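So you know, we letter chains A, B, ... as the sequences are listed, proteins then strands, and number each from 1. Values in this document were obtained by computation on a predicted structure and should not be read as measured data.
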Protein chains: 2
Amino acid sequence: MQIDPSRPEDLSAQIAQAIKDAIIGGTLIVDERLPSEAELSDHFQVSRPTVREALKRLAAQSLIRTQRGATGGAFVNRLSFEDAYAQQITTSTLLLSMNAVSFDTACEARYALERACAPLSAERRTADHLATMRAEIFRQSQPGLTDEAFCASDVAFHRALVDGAGNPVLSYQLAGAVEGMQPLMNMITFTARDRARIIALHERIADAIEARKPEAAGSGLSELEMETRRLATDVFAARAKGQRPSPSARS
Amino acid sequence: MQIDPSRPEDLSAQIAQAIKDAIIGGTLIVDERLPSEAELSDHFQVSRPTVREALKRLAAQSLIRTQRGATGGAFVNRLSFEDAYAQQITTSTLLLSMNAVSFDTACEARYALERACAPLSAERRTADHLATMRAEIFRQSQPGLTDEAFCASDVAFHRALVDGAGNPVLSYQLAGAVEGMQPLMNMITFTARDRARIIALHERIADAIEARKPEAAGSGLSELEMETRRLATDVFAARAKGQRPSPSARS
DNA sequence: AAGAAATCATTTGTCAGACATTTAAAAGTC
DNA sequence: GACTTTTAAATGTCTGACAAATGATTTCTT
């Protein structure tokens, strides 16, 4: 594990990469303790602040965790599904918000992936998943719900649908697709009639999942996709005409 | 944008989070220059090394880039699809290698997601995508190919299939599912007969994509999934019996 | 006056050394 | 033996300094 001080790249970046490679390559295994900062600075022939910058880079990616005290130090971190979810969501959200991805493109990707989960979810969903879906549908039907709360409930509904597939890898992959779209969804204002249509489709999907009918769930999702895209088209067209103020994405 | 020095969390982590929130929330926009390290240390009432650790955390997530010199500084980085791909692949790879995810679970997720791309790819693939798929199939049929090279070509084939859908968001999401599985795939040894079967299925899928037949592509993928899972089951069963040495994942 | 060269100022990158804080183990005390 | 105190090791933070890069400014030359 060596670095090249003559390379133009930052020393801390090189050190972080070297340690990262060691983790990915299996040289350093989960829960193994890294050498202390003093030992690392000695090994790489750099100062301790430089080593620390490298370690912070790794900590930011959840590759290591640090512990203070006598038996403390930096330890290779087992990347948990929760950490991976969070990273995935952040990355997806930023990717969509910073790259002028069209609503249609993001929507198409999201529903294509969700349809992939539907058959598995219809087969394996537990009563718990179903109960969550029903509860979210009920919440969505409450009058006086803000658009943001409606969207948040929408996300929860779809996550329950995805989690119903009982495949954590799938849930992880979908987390970004579903949650990353929320800022885009929040740009839409829903009328009462819009909501009613969406809720009806949610019920249809939940019914299909409950009855273990994969095709019905898939077609329900397809209709929901069309409905969502139609809504977005209308809202954006209205904004373009200046019929409404053109607010930026609401947080 | 403030921090609380009395909280137990690292100051650099708090500062990083505060800046991250500002970026996600839109307070800081793409290509905007952050205050200099000296100004930040003054603002947050911490030393410059602490600020630097915070900035390195953000740099590790590609949220900022830094530039030296008179007009240099830290700038909010536009998260490119390439950066997002790379992060996604690293995270997925680590998640699968560190969490004892069963081969079947990962495989199921991967093929479910790929089947979601197949209809779109059948509809939109260009001659380019098709040419890549054919080229990879040809490479896979070359004798003397190592198992690793065979797997790498397999990944390239599937990426071409996914990219054929012409949806960058979908390509981004699938990057992790396809490439993250490579270390697991590399644990499998392929006999000549195994390879022949896989290549035949690849050809069937490519034919379906070329003929713009979404259902045929989907069923080809389903068969490929079954074939892959059968192979893995055999290999692992043989290893368990001690008929072969039990190597760890080859890099 | 115009262009080239030198200088300067700003900013990040790195270093050295120090102190504070946390934590577990070792030593001491009853 | 159980409890308390001390100690050592490690990370977290600070101060101050210098190096290196780089654009802007000034000066010099023609």
Side-chain angles (χ1 to χ4, degrees), chain A residues 1-20 22-23 28 31-77, chain B residues 1-20 22-23 28 31-77:
Chain A
M1 207 158 65
Q2 288 297 326
I3 59 171
D4 176 8
S6 67
R7 271 170 52 194
E9 201 186 0
D10 288 0
L11 293 179
S12 68
Q14 288 186 51
I15 293 170
Q17 189 61 51
I19 297 176
K20 186 173 177 176
I23 293 174
L28 293 169
D31 291 335
E32 185 173 344
R33 184 180 172 281
L34 272 64
S36 72
E37 295 176 354
E39 287 167 326
L40 286 172
S41 66
D42 195 57
H43 172 76
F44 288 116
Q45 289 288 296
V46 298
S47 67
R48 196 159 82 94
T50 302
V51 166
R52 282 183 62 80
E53 286 179 11
L55 293 179
K56 295 313 162 199
R57 293 177 117 109
L58 298 174
Q61 299 174 277
S62 302
L63 266 71
I64 62 169
R65 61 178 186 278
T66 56
Q67 216 175 358
R68 297 177 72 168
T71 58
F75 298 82
V76 178
N77 196 33
Chain B
M1 206 158 67
Q2 289 297 329
I3 59 171
D4 175 9
S6 68
R7 272 172 49 195
E9 202 186 359
D10 288 0
L11 294 177
S12 67
Q14 286 186 53
I15 294 170
Q17 190 61 51
I19 298 175
K20 187 173 176 178
I23 294 174
L28 293 168
D31 291 334
E32 184 173 344
R33 183 180 173 282
L34 270 65
S36 71
E37 295 175 356
E39 288 168 325
L40 285 172
S41 66
D42 197 54
H43 172 76
F44 288 114
Q45 290 289 297
V46 298
S47 68
R48 198 158 79 92
T50 302
V51 166
R52 282 183 60 80
E53 287 179 9
L55 294 179
K56 294 313 160 201
R57 292 177 120 108
L58 299 174
Q61 299 174 276
S62 302
L63 266 71
I64 62 169
R65 61 178 186 279
T66 56
Q67 216 174 359
R68 295 175 74 168
T71 59
F75 298 83
V76 178
N77 196 34

In whole Å, what is the span from the [atom1] atom of [X] to the [atom2] atom of [N]?
X: B/Gln67; N: D/dT22; atom1: CD; atom2: P; value: 8 Å
X: B/Asp10; N: C/dT22; atom1: CG; atom2: C1'; value: 12 Å
X: B/Phe75; N: C/dT10; atom1: CZ; atom2: C1'; value: 12 Å
X: B/Gln14; N: D/dT13; atom1: CD; atom2: C1'; value: 13 Å
X: B/Leu40; N: C/dG13; atom1: CG; atom2: P; value: 13 Å
X: B/Gln45; N: D/dT15; atom1: CD; atom2: P; value: 9 Å
X: A/Glu39; N: D/dT11; atom1: CD; atom2: P; value: 8 Å
X: B/Leu11; N: C/dT21; atom1: CG; atom2: C1'; value: 12 Å

Contact between [X] and [Y] at the side-chain level, heavy atoms closer than 4.5 Å - yes or no?
X: A/Leu40; Y: A/Ile15; answer: no
X: B/Arg57; Y: B/Lys20; answer: no
X: B/Asp10; Y: B/Glu53; answer: no

Between the main-chain N or O of B/Glu37 and the side-chain N or O of B/Ser41, is there a donor-acceptor pair closer than 3.5 Å?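 Pair found, side chain donor or acceptor close to backbone of B/Glu37.
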Does A/His43 use its side chain to pair, donor to acceptor, with the backbone of A/Met1 at less than 3.5 Å?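 Judged by distance alone, yes, a pair lies under 3.5 Å.
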What side-chain donor-acceptor pairs closer than 3.5 Å can you find for residues 67-77 of chain B, not counting sequence neighbours?
| unit_1 | atom_1 | unit_2 | atom_2 | d |
| --- | --- | --- | --- | --- |
| B/Asn77 | OD1 | B/Arg65 | NH1 | 3.2 |
| B/Asn77 | ND2 | B/Ser62 | O | 3.3 |

For DNA chain D, which ranges pair as stems of 3 or more consecutive Watson-Crick or G-U pairs, with both donor-acceptor distances under 3.5 Å?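 DNA chain D stems, ordered by first number: C:1-30 with D:1-30.
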side-chain contact (heavy atoms from CB on, under 4.5 Å) partners of B/Glu9, counting only residues at least two apart: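 Residues passing side-chain contact (heavy atoms from CB on, under 4.5 Å) with B/Glu9: B/Arg7, B/Ala13, B/Gln14.
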Sequence neighbours left out, what passes side-chain contact (heavy atoms from CB on, under 4.5 Å) with B/Ala38? Give chain and number order.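 For B/Ala38 the side-chain contact (heavy atoms from CB on, under 4.5 Å) partners, ignoring immediate neighbours, are B/Ser36.
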Minimum heavy-atom separation for B/Val46 and B/Val51, please, with both atom names.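 Looks like CG2-CG2, 3.6 Å.
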Residue pair A/Asp4 / A/Ser6, side-chain donor-acceptor N/O under 3.5 Å: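 Yes, because at least one side-chain N or O of A/Asp4 sits under 3.5 Å from a partner of the opposite role on A/Ser6.
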Would you say a side-chain N or O of A/Ser47 is under 4.0 Å from OP1 or OP2 of C/dC15?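 So the side chain of A/Ser47 is within the cut-off, an N or O lying under 4.0 Å from OP1 or OP2 of C/dC15.
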Has A/Thr66 got a side-chain N or O lying under 4.0 Å from the OP1 or OP2 atom of D/dG12?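 Affirmative; the distance criterion is met.
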Identify whether any heavy atom of A/Arg33 sits under 4.0 Å from a base atom; if not, whether one sits that close to sugar-phosphate; answer base, sugar-phosphate or nothing.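 The answer is sugar-phosphate, as A/Arg33 gets under 4.0 Å only of primed atoms, P, OP1 or OP2.
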Near DNA chain C, under 4.0 Å by heavy atom, which residues of residues 50-62 of chain A?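 Contacts with DNA chain C under 4.0 Å: A/Thr50.
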Rounded distance (nearest 0.5 Å) linking atom CZ of A/Arg52 with atom OG1 of A/Thr66: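 Result: 8.0 Å between the selected atoms.
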Please list each protein N or O that sits under 3.5 Å from an N or O in nucleotides 16-20 of chain D, with the distance.
| unit_1 | atom_1 | unit_2 | atom_2 | d |
| --- | --- | --- | --- | --- |
| D/dA17 | N6 | B/Arg48 | NH2 | 3.3 |
| D/dA20 | O4' | B/Arg68 | NH2 | 3.3 |
| D/dA20 | N3 | B/Arg68 | NH2 | 3.3 |

